[in-house]
A.B. asks: 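Have a look at the structure that comes next, please.
Values below: all heavy atoms of this structure, side chains included; hydrogens, waters and symmetry mates excluded. Throughout, a chain's letter reflects where its sequence line sits, starting with A, and its residues are numbered from 1. As the structure is a prediction and not an experimental result, all values here were calculated from the model.
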Amino acid sequence: MSAISSTPTVRKAAAPPTFETRMWQFMRLSGVLLIPLVWIHVALKDVIVGVHAIDLNYVQKIWAITAWRVYDMALLAFAFGHGMNGLRHVANDYFHSKSAQKIMAWAILIGWIVITAIGGIAIIGGVNMP
Amino acid sequence: MKVHLKIKRFNPEKDSKSWWGEYDVNVDPTDRVLDALHLVKWYQDGTFNVRRSCAHGVCGSDAVRINGQNRLACKVLIQDIVKNDGDTITVEPILGLPVIKDLIVDMEPFFDHYKSVMPYFVNDEALPADGRERLQNIADRERYDQGTKCILCACCTTSCPSFWLNDDYVGPAAVVQAHRFIFDSRDRAAEERLKILNEQMGVWRCRTAFNCTNACPREIPVTQLIGEVKKALATGEIR
Amino acid sequence: MATFISTLWEGVRYRGGIGNWAYLFHRLAGLATLLFLAIHIVDTAFVFFAPSLYAHAIDIYRSTPFMFGEIALVAGVLFHGANGLKIIVFDYRPDLWSHENEKRAAIIVFAVTIILWIPAAIIMGNNLIQCNFLHLCGE
Amino acid sequence: MTKHHQFDAIIVGGGGAGLEAALHASKSANVAVVTKLYPTRSHTGTAQGGIAAALGNMEPDSWEWHMYDTVKGGDYLVDQDAAEILARDAIDAIIELEHMGLPFDRTPDGKIEQRRFGGHTANFGEKAVMRACKAADRTGHMILQTLYQQCIKNKVNFFNEYFVTDIIVEDNVCRGVVAINVADSEVHLFHAKAVLIASGGFGKMFKVTSNAHTLTGDPVAAYYRRGLPLEDMEFFQFHPTGIYKLGILLSEAARGEGAIFINDKGERFMERYMPTLKDLAPRDICSRCIYEEVRAGRGIGGKDYVYMDFRPGTINKFKSGPGGRDVTREHLEKALPDILEFARVYMGIDPMKDPVPIQPTAHYAMGGIPTDADGRALADNTNVVTGLYAAGECACVSVHGANRLGTNSLVDLVVFGRRGGKAMADFCKPAGFAPLPITAAADTIAEFDRIRAGRGSERAAAIRADLQNMMTNYVGVFRNGPDMQKAVEGVRELKARFKNIKTDDTGKIFNTDVLETFELGCLLDLAEVTAAAALRRTETRGGHAREDFQERDDANWLNHSMAYRADDKRDAAVTRCDIRFENKPVTITKFQPKERKY
Ligand SMILES: Cc1cc2nc3c(=O)[nH]c(=O)nc-3n(C[C@H](O)[C@H](O)[C@H](O)COP(=O)(O)OP(=O)(O)OC[C@H]3O[C@@H](n4cnc5c(N)ncnc54)[C@H](O)[C@@H]3O)c2cc1C
Ligand code: HEM
Ligand code: SF4
Ligand code: F3S
Ligand code: FES
């Protein structure tokens, strides 16, 4: 009977991923991406360039480079997605009834779609010089 | 020495809201806070109430908030929290469970959460033919040791900001219990438990605030165990 | 509602450790950043939808209170990011959640936040003084 | 308003014994557990060291050796038919616990690990044997948790924080129990075909004790108040290693791992008294030896305590580790985490660096409700009370006789809890409900009304403190006639003071003021029986050590004592109280009484 292994057993036990699992993973993934995305963005716009140097011309100049448009697109997708899902988390802390949570989730989803769409169209459309 | 006890009192039969009872008691520095509470109850005001039984930190009855932190009243010595004669010790009920009277809270919601995670051993496979124990190697036994220390005192769950805000969260104590079985190599219901914890009010409610680990009188690394459950969910692997 | 407020208040009164503060700041910083971000996306979108309004929006950003807010925001973003990274690392290695590590990690997060924030705050503060008080910035 | 419930079987108490019985009874009967504490708060959870069974996982062992040790440990006052069941069934019961998921420690080949414990020997007393199955030093905690978990799994009904005040027995048939819901002081009548009492010990009658505040033996007192007998109440175990002054237990497991006693001169004094087992001699003997040392002026600093020394250095120096092997600090930290922590938290002493002051502490009631081997409660020497059962510390089967061996209580719980549970389920199948008397709750209501209305001058706490002091001083490790006489009379005085009680809390919700006073009443009754029974037994046997009768007296006293509450004063000349005593013969099968040496 001494034929028992002395190493720890590893077992597979997958619970089907729920929406919450996916969102948890998304928060980590986007979090990692947001470190460069957000920090560089903030460093550039708020610290190095500064709001006083930002105007339509500046935006036009930056967006002339496709890479910056892709960058801003990623920022929009990940930062706002991350933040709005975070907001959903927070809402679930404060709204306890299932129905209230549902309403909040829908409101957040709609808010997310609308604002992301606005931002996305602007990035694609670029600057409309008056 | 003399200590000043400031105890949050509430008697539903008389009071519309809680009030602070103030008492001076003479204690030894090596006495427990529970001893001081007993002095109040036994010799000053018999209407004051606290649950207790073992008086040495193993039954989990007397979780209370002492100087703003969840502790077992029987596991905190006076000398550990007061320096000078006449210093004040504040004692309040734990947070997030309905207060019944004085320091006594309704534990039912806590135990309901506990029961919701299948906190029991499941293995319907045939028993060893020799009529003896199932074998388990030392490493596998060690794997879930931490969680087996839990005395269900609720110090952790009632220190958790996520639980305060939403008591539908199963809470750290329930996750610790689930962990104890999920990581037991003899058990066969890990997937079902993981499924329960994968729900919205399951383990994902934990925001790693760490209050639970700080509060646990059994020194269980609660946040770590919760993290291991999250990881098992994310990877589908129990290792 | 009364219980809601008392829950919040009692929660703040609870003497949790540094982790409790990290949790609180993480949440506040995240929400503040989100609020800012939502506004920021919309006003930036003016460049396409209503370019004439864009200048007005930018003017608001250039106002003194907003620039102070911006400095605070940077602190928030730094802290939230650093703390988020801590959480992600510990999520990946739950065995790191020991008393000592937790304390050490939280202190590192606060330290990193401050170290990164100070130069940023100096530069931004300098901008603020030069542009809003000394009016040295060319329009 | 009294509320009614009806169940096939009611189990009073949610400790190890109660839960084990509930689990087995609920397989075929409709069962409810009525307990004054949440089950996981029961004192079984504090048991540290281990649970004995001759599994032979570490070295050869046999149930017969276990039986022999039990009989000898109990100073031959053990009913040997029951001891045989205990030792045989232990093996099965422990395997069953493992199958329920209990996390026992493991040997390298994956089996249940075992350690040495006081009085457990190989080959009829030859040398210490590793028989105690364990889960670090929280074995009882694991048992309690595992059983509670299985009860949840099997959907056993629980009435938590319901305080049982009375057992309804009429015409020698048990019909249920009366309980108070602690939450609102409502009186509940539990109508049942069978009742099993598993209310644990009542060590709170002593001052220095390892027992919980809640161990007051209320249902045992209720049994006695119904005119039913209590067996062997004079035998109360004093565990040698309580933390000085506090009485918090440091399990014998410590000595199983190699810790030894040290007196003021730094001697390992147990070598002198018990050359074979030394520090692993049974508890009654160790406790007496400690006090012998203290009396000889060799207590630490001349005071009333000695040291227990856990330091690896000491253990290795005296070769007192298991099998004489060396131990390491790491090993001890792993094997005894809680015990080391108790010393650190409550004494501020690190046992890895300094020896720990210890003193005998009141620990375990060998006596209690007399039962047969199926847990059926006895109404006298031979007849059972129909439908009434008892198991666990509150019961006296008697497998512990005059002194219980360490780790034998947990076995007692699971073995006889299980048998009792099964027996009551079998009983319930054909049986019907005997009608409840209309006045079933009257006594309870009257007593609670009296206490609640108490406007006298005596605080329960003061009476309790006096009782505890008196019992510890007069009915402690060493006893003598005059002292015990004082105790018996003292208890009677306290009972008179108890009539003049002062109650602060007149409310209904969570009125522990009234409940604690009621508990005190129960303690007073049980203390009276204990002191009187001890006074009556004029010999020294096991845990009952008399200075005025230092020899065991098999000719006169090789029998159990049965105490009845009585108005007829046959024994009054000796005990001067309203107790009638009878003797009950000891069952002897395999092992004839011999001198007890280790
Ligand atoms: C510190 C300590 C260490 C020990 N270590 C060991 C050891 O290592 N090995 C060993 O074998 N033994 C040990 N023992 C002894 C053993 O643990 C106990 O004898 C045993 O656990 C008693 O179990 P029980 O089920 O009879 O009662 P308990 O576990 O005490 O349970 C009593 C139950 O009865 C209930 N109850 C009581 N009164 C009422 C009432 N009026 N109404 C309703 N419910 C009531 C309580 O709520 C509780 O649920 C130890 C004991 C102590 C104190
Ligand atoms: C800079 C890089 C960032 C990282 C590494 C990061 C990381 C994280 C992580 C890991 C969480 C989950 C916390 C938890 O589960 O306990 C989180 C939550 C959150 N994040 Fe971020 N984040 C970053 C940027 C942002 C930004 C830019 C916003 C705003 C739009 C934001 C808003 C939020 C919000 C609102 C939450 C929810 C907070 C809570 O539940 O308490 N984060 N973040
Ligand atoms: S994990 Fe710790 S704090 Fe939480 S219930 Fe268990 S013992 Fe208490
Ligand atoms: S306090 Fe709560 S948020 Fe997580 S780490 Fe502990 S459960
Ligand atoms: S009274 Fe048992 S844990 Fe404090």
Side-chain angles (χ1 to χ4, degrees), chain B residues 11-14 30 32 38 41-43 45-61 75 77 79 100-102 104 106-107 111 114-115 118-123 127 131-138 140-141 144-145 148-152 177 180-181 184 186-187 219, chain D residues 37-38 40-43 45-46 55 92 94-95 98-112 135-136 138 141-142 145-146 149-150 152-153 160 183 212-215 246 248-249 338 341-342 345-348 459-462 464 502-505 507-513:
Chain B
N11 180 350
E13 288 169 293
K14 288 202 188 118
T30 53
R32 297 155 271 203
H38 271 150
K41 176 171 181 59
W42 290 344
Y43 299 104
D45 183 355
T47 66
F48 161 64
N49 267 280
V50 56
R51 279 197 189 95
R52 86 283 183 267
S53 182
C54 72
H56 65 286
V58 283
C59 77
S61 298
K75 223 183 163 178
L77 302 194
Q79 64 188 19
I100 296 178
K101 185 178 182 182
D102 297 338
I104 292 176
D106 182 1
M107 294 294 287
F111 278 100
Y114 163 73
K115 288 174 195 159
M118 303 173 66
Y120 40 75
F121 185 75
V122 179
N123 184 336
L127 294 169
R132 300 287 292 204
E133 63 265 44
R134 291 192 171 96
L135 299 182
Q136 182 170 48
N137 72 38
I138 292 176
D140 284 346
R141 166 65 183 81
Y144 63 98
D145 189 59
T148 66
K149 295 180 190 163
C150 175
I151 55 175
L152 297 170
Q177 290 292 332
R180 177 250 172 274
F181 291 101
D184 185 338
R186 300 169 299 168
D187 185 88
E219 284 169 22
Chain D
L37 305 172
Y38 274 91
T40 55
R41 316 292 186 226
S42 302
H43 214 54
T46 66
L55 296 182
D92 248 19
I94 275 150
I95 298 296
E98 198 282 335
H99 292 162
M100 291 178 192
L102 198 139
F104 284 111
D105 291 350
R106 299 289 167 158
T107 63
D109 50 1
K111 296 187 198 154
I112 296 172
R138 54 188 127 87
H141 166 77
M142 301 291 205
Q145 295 283 331
T146 303
Q149 290 156 359
Q150 291 297 313
I152 293 176
K153 187 177 177 189
N160 296 332
H213 286 289
T214 46
L215 285 180
L246 291 176
I248 296 172
L249 196 77
D338 286 2
E341 189 184 315
F342 292 145
V345 170
Y346 296 105
M347 293 294 286
R459 281 198 177 268
R464 184 171 46 228
K502 169 177 176 353
T503 308
D504 287 349
D505 196 344
K508 292 268 185 191
I509 295 179
F510 247 92
N511 190 336
T512 55
D513 198 20

A.B. asks: Among all residues two or more places apart in sequence or in another chain, which pass the side chain to side chain donor-acceptor pair (under 3.5 Å) test with T512(D)?
C.D. replies: K41(B), N49(B)
A.B. asks: How far apart are the closest heavy atoms of M118(B) and F181(B), and which atoms are they?
C.D. replies: O-CD1, 4.3 Å
A.B. asks: Determine the minimum heavy-atom distance between K101(B) and F510(D), stating which atoms define it.
C.D. replies: NZ-O, 3.4 Å
A.B. asks: Who wins among I112(D), T146(D), L246(D) for the most heavy-atom pairs under 4.5 Å with chain B?
C.D. replies: I112(D)
A.B. asks: For Y114(B), which atoms come within 4.5 Å of any heavy atom of chain D: side chain, backbone, both, or neither?
C.D. replies: side chain
A.B. asks: Measuring from D145(B):CG to D184(B):CG, what's the distance to the nearest 0.5 Å?
C.D. replies: 11.0 Å
A.B. asks: Side chains of D105(D) and R141(B): closer than 4.5 Å at any heavy-atom pair?
C.D. replies: yes
A.B. asks: What part of F342(D) lies closer than 4.5 angstrom to a heavy atom of chain B: side chain, backbone, both or neither?
C.D. replies: side chain
A.B. asks: With a 3.5 Å distance limit and no angle check, can you tell me whether N123(B) reaches the backbone of R186(B) through a side-chain donor-acceptor pair?
C.D. replies: yes
A.B. asks: Which atoms of Q79(B) come close to chain D, meaning under 4.5 Å heavy atom to heavy atom: side chain ones, backbone ones, both, or neither?
C.D. replies: neither
A.B. asks: With a 4.5 angstrom heavy-atom cut-off, which part of H141(D) approaches chain B: side chain, backbone, both or neither?
C.D. replies: side chain
A.B. asks: Which region of S42(D), side chain (C-beta onward) or backbone (N, CA, C, O), has a non-hydrogen atom less than 4.5 Å from a non-hydrogen atom of chain B, or is it both or neither?
C.D. replies: neither
A.B. asks: Would you check if there is a donor-acceptor pair between the side chains of S53(B) and S61(B) at a distance under 3.5 Å?
C.D. replies: no
A.B. asks: Mind ranking V58(B), L77(B), D45(B), T148(B) by heavy-atom pairs under 4.5 Å with chain D and telling me who comes out on top?
C.D. replies: T148(B)
A.B. asks: Given a strict heavy-atom distance threshold of 4.5 Å, which part of M142(D) is in contact with chain B: side chain, backbone, both, or neither?
C.D. replies: side chain
A.B. asks: Give the member of Q145(D), M100(D), K153(D), E341(D) that has the highest number of heavy-atom pairs under 4.5 Å with chain B.
C.D. replies: K153(D)
A.B. asks: Based on non-hydrogen pairs under 4.5 Å, which of G507(D), G45(D), P103(D) is most in contact with chain B?
C.D. replies: P103(D)
A.B. asks: Sort D338(D) into side chain, backbone, both or neither according to what part of it lies under 4.5 angstrom from a heavy atom of chain B.
C.D. replies: side chain
A.B. asks: If we define contacts as heavy-atom pairs under 4.5 Å, which of E98(D), R41(D), K502(D) has the most with chain B?
C.D. replies: R41(D)
A.B. asks: With a 4.5 angstrom heavy-atom cut-off, could you sort out which part of L152(B) is near chain D: side chain, backbone, both or neither?
C.D. replies: both
A.B. asks: Between CD1 of I94(D) and CZ of R132(B), what distance do you get to the nearest 0.5 Å?
C.D. replies: 10.0 Å
A.B. asks: For L55(D), which atoms come within 4.5 Å of any heavy atom of chain B: side chain, backbone, both, or neither?
C.D. replies: both
A.B. asks: Shorter than 4.5 Å, heavy atoms on both sides: which option in H43(D), K508(D), Q150(D) has the most such pairs with chain B?
C.D. replies: K508(D)
A.B. asks: Between V50(B) and chain D, which part of the residue has a heavy atom less than 4.5 Å away: side chain, backbone, both or neither?
C.D. replies: neither
A.B. asks: For the CG atom of L249(D) and the SG atom of C54(B), what is their distance to the nearest 0.5 Å?
C.D. replies: 12.5 Å
A.B. asks: For the interface with chain D, which of I151(B), D187(B), N11(B), N137(B) has the highest count of heavy-atom pairs at distances below 4.5 Å?
C.D. replies: I151(B)
A.B. asks: Do L127(B) and R134(B) come close enough that some side-chain heavy atom pair is under 4.5 Å?
C.D. replies: yes
A.B. asks: Side chain to side chain donor-acceptor pair (under 3.5 Å) with Y38(D): which residues, sequence neighbours excluded?
C.D. replies: E108(B)
A.B. asks: Flag the pair F111(B) / T40(D) as yes when at least one side-chain heavy-atom distance between them is below 4.5 Å, and no otherwise.
C.D. replies: yes
A.B. asks: If you count heavy-atom pairs under 4.5 Å between each of V122(B), D140(B), I104(B) and chain D, which one has the most?
C.D. replies: I104(B)
A.B. asks: Between I248(D) and chain B, which part of the residue has a heavy atom less than 4.5 Å away: side chain, backbone, both or neither?
C.D. replies: side chain
A.B. asks: What part of K14(B) lies closer than 4.5 angstrom to a heavy atom of chain D: side chain, backbone, both or neither?
C.D. replies: neither
